[in-house]
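Right, one structure below, let's go through it.
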Number of protein chains: 2
Amino acid sequence: MGLSYVEENYLKAILKLSGVPDGLVSTNAIAAQLSTSAASVTDMLKKLSDKDLIAYQRYKGASLTNAGQRIATHLVRKHRLWEVFLVQTLGMTWDEVHDIAEQLEHIQSDSLIDRLDTFLEYPKFDPHGDPIPNAEGKYSVRAQVPLSKLTEGQQGIVIGVREDETAFLKHLSEKGLTPGKMIRMLTNDAYDHTIRLVVDDKELNLSGQVASNIMIKLK
Amino acid sequence: MGLSYVEENYLKAILKLSGVPDGLVSTNAIAAQLSTSAASVTDMLKKLSDKDLIAYQRYKGASLTNAGQRIATHLVRKHRLWEVFLVQTLGMTWDEVHDIAEQLEHIQSDSLIDRLDTFLEYPKFDPHGDPIPNAEGKYSVRAQVPLSKLTEGQQGIVIGVREDETAFLKHLSEKGLTPGKMIRMLTNDAYDHTIRLVVDDKELNLSGQVASNIMIKLK
DNA sequence: AATTAAATTTAGACAAATCTAAAAATAATT
DNA sequence: AATTATTTTTAGATTTGTCTAAATTTAATT
């Protein structure tokens, strides 16, 4: 028997939050990520622990087991392959595909995903610039740096963003900051974290906050 | 707020069973269709009736309201468009797509379905030969007759089947009876309902039961 | 028409996933 | 170290969809 939609979302959330400190993800962090209550998270952590998909200790936090990581990574693979399909094959825009892929990632069929991968010609990155794990769960890497780290005069290409909120992506689209765009840094003020840059021969201001979520491949 | 996965399946089941008598679908018929208990069906019928998606009278049966029919027809449209995608674009076989489409039909995004329809170039029939409702819910019709009605010497093309059980479809695939195939009737015994016909220059026997579920377009 | 059979509904219970409010454990501050 | 604040867990209730068993209604038979 497979996992429920909900269980899968918990595993994905834990994977997403696993980047931090010692790999232990807190109850509150998961609750925030999934917009649910801490009490609900505790219940589910027990359940996933019983299934040996996470290692969990009361009051300490949780981390994925190998089995849990395999499942979560496969979900990421499916999500990102579907995003490529939606943008590349169906012509949707960059900022409207996340919520649909969030549904499509739960479709159960390995044969379907293998064939989709083949049809799309084995893409390595999704439309937001994030790497797509292969069938064995391995990621490709690409040298990238947050836009906020660039110094005056440096140039590069937008390859992706770290957030996937629709509002944020729409905001960037309106400014012309979509993957593939060439940019050049004009001023990057170290004190008030305000940034000024050039895209498509137009000058643009950004907050340091926003800039730290835009990933650049240096030229 | 949209409907749940389960509610959608009930509406689809009622639509599927609506062909019969006076359009009233019985509790037991729905229970059999969905492999659930009659008691569960009764509960759900009340719920769908409260939402004005079906007209329901205790002990009498249920029928779809206009609103319910619209939703159910849209589900059928999504299911069949996805089947075309799976076969035509991803190269899956005729007999393995039903269960996957059963999941995909619940994905919520009108924009996605419109674009899929465009990408597939507005197909009118799915790989099993069933008509695909357009965005307004209208079906195309195609003159067709069950294989069991053909008389000796008549020829035609297989355009679809009535069943969608994987085992049944696999059985037909093995015999070479897939949509598009030209067939010619040899003998159709009115008494023991046994049929003999030619496909791909090979002779074949079929039971009347099986033949009545294979639809033919006469030449 | 009375009885039997079948279909349908009600009653009560259960599992999954969620919530709020209160209790317990851990972390931070004075 | 003692107190306060934060985080996490427990307790108990709720919703959705399901089930079995019993009661009721409708249909079929004798």
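What you see below is based on every heavy atom in this structure, not just the backbone, and it leaves out hydrogens, waters and symmetry mates. Chain letters run A, B, ... following the sequence lines, proteins first and then strands; every chain starts at 1.
In this model, the phosphate group of D/dT8 is approached by a side-chain N or O of A/Asn28 to a distance below 4.0 Å at OP1 or OP2. In terms of phosphate contacts, A/Ser37 brings a side-chain nitrogen or oxygen within less than 4.0 Å of OP1 or OP2 of C/dC19. One finds no side-chain N or O of B/Ser4 lying less than 4.0 angstrom from the OP1 or OP2 phosphate oxygen of D/dT16. For A/Arg58, a side-chain nitrogen or oxygen approaches OP1 or OP2 of D/dT10 to under 4.0 Å. Contact between the side-chain N/O atoms of B/Ser26 and the OP1/OP2 oxygens of C/dA7 is not found at any separation under 4.0 Å. Distances shorter than 4.0 Å separate some side-chain N or O of B/Thr42 from OP1 or OP2 on C/dT9. For the pair A/Ser40 and C/dC19, the criterion of a side-chain N or O lying under 4.0 Å from OP1 or OP2 is met. In this structure, B/Tyr56 reaches the C/dT9 phosphate: one of its side-chain N or O atoms is under 4.0 Å from OP1 or OP2. Within the structure, a side-chain polar atom (N or O) of A/Thr36 is placed less than 4.0 Å from OP1 or OP2 of C/dC19.
The CG atom of A/Leu45 sits 11 Å away from the P atom of D/dT10 (whole-angstrom rounding). Rounded to an integer number of Å, the gap from B/Leu34 CG to D/dT18 P is 8 Å. For the pair A/Asp50 CG and C/dA15 P, the interatomic distance rounds to 15 Å; values are reported in whole Å. Remark: P of C/dT18 and CD1 of A/Ile30 are 12 Å apart, rounded to the nearest angstrom. In this structure, the CE atom of B/Met44 is 16 Å from the P atom of D/dT15, given to the nearest Å. Taking atom OH of residue B/Tyr59 and atom P of nucleotide C/dT8, one finds them 10 Å apart after rounding to whole Å. The distance between atom NZ of B/Lys60 and atom P of C/dA6, rounded to the nearest whole Å, is 22 Å. Spacing between atom CD of A/Gln57 and atom C1' of D/dT9 amounts to 15 Å, rounded to whole angstrom units.
The aromatic rings of A/Phe119 and B/Phe119 sit perpendicular to each other, their planes meeting at more than 60°, with 30° as the lower class boundary. Between B/Trp82 and A/Phe85, the ring planes lie tilted relative to each other; the angle falls in the 30° to 60° range.
Across all strands shown, B/Tyr5 has no heavy atoms under 4.0 Å from either base or sugar-phosphate atoms. Residue A/Lys46 is in sugar-phosphate contact alone, with no base atom involved, counting any heavy-atom pair closer than 4.0 Å across all strands shown.
No more than 12 heavy atoms of other residues, nucleotides or ligands shown are found within 6.0 angstrom of NZ on B/Lys170. Residue B/Asn66 qualifies as open at atom CG: its count of foreign heavy atoms under 6.0 Å is 12 or below.
A salt bridge does not link B/Glu105 with B/Arg80: none of the charged nitrogens is closer than 4.0 Å to a carboxylate oxygen.
For B/Asp43, taking side-chain heavy atoms from C-beta onward, the closest of the listed nucleotides D/dT10, C/dT18, D/dC19 is D/dC19.
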